[in-house]
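Presented below is the structure to which this report refers.
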Amino acid sequence: GGQAWMNNLATGQDIGPGAGGYTGGGPVVNPVHVWKTSPWRPSLPPSVLEDLQDSVNHCLSLVSAGASICYGMLLVPSATNEPQVQFLAPDGPAMHTNMIQIGDVVKRVGGEAVEKQSFESVVGRMREGERGGVSLPLSLARPSHP
């Protein structure tokens, strides 16, 4: 169900004022309104509608959690507010390393510890490197699961 929608989210561009260098030129679309008022929505089979609703809810929860896309990784704040990998874009740089997995937590960016920095600050630094074509050395930790 939701994987195709996550692919679109992870490979899409930022929209809205101030996001990714966006300076205007078009309206900012409210996805909740579009979803609720779509003319094609009532014609969908219940199972498809349920899958779409789950996917839309998941995507919106990631956006409201402050999700950010960088180096082909969808990052969300972990319980300790460090960037945590939620998704890897299939052809993104992170996937091509064959070393990063979903659930990994960013601990160092360019040799600098992230523990006392805000999520936004850490991701901002990573995005600056990405926009400048720089591969910043990242140190990640893989949480153990009992």
Closest non-hydrogen atom pair, Y71 against G129: OH-C, 3.3 Å
Nearest heavy atoms of S43 and W40, plus distance in Å: OG-O, 2.7 Å
Min side-chain heavy-atom separation Q84-P143 under 4.5 Å: yes
Atom pair SG (C70) and CZ (R131), whose distance is rounded to the nearest 0.5 Å: 8.5 Å
Heavy-atom side-chain proximity of V48 to P45 below 4.5 angstrom: yes
For Q117, side-chain hydrogen bond (donor to acceptor under 3.5 Å, both in side chains) partners two or more places apart: E112
V105 with F119, same ILVMFWY side-chain cluster at under 4.5 Å: no
Side chain proximity check, V85 to L75, heavy atoms < 4.5 angstrom: yes
Distance, nearest 0.5 Å, that separates CZ of R127 from CD of E120: 11.5 Å
Test item: M73 and L138 side chains (from C-beta on) under 4.5 Å apart, heavy atoms: yes
Minimum heavy-atom distance between P39 and P42, given as atom pair plus value: O-CD, 3.4 Å
N-O pairing of K107 and E82 below 4.0 Å: yes
Check: residues 94-102 side-chain donor-acceptor pairs under 3.5 Å, at least two apart:
{"from": "H96", "atom 1": "NE2", "to": "D91", "atom 2": "O", "distance (Å)": "3.3"}
{"from": "T97", "atom 1": "OG1", "to": "A94", "atom 2": "O", "distance (Å)": "2.7"}
{"from": "T97", "atom 1": "OG1", "to": "M99", "atom 2": "N", "distance (Å)": "3.1"}

Any side-chain heavy-atom pair of V122 and N81 under 4.5 Å: no
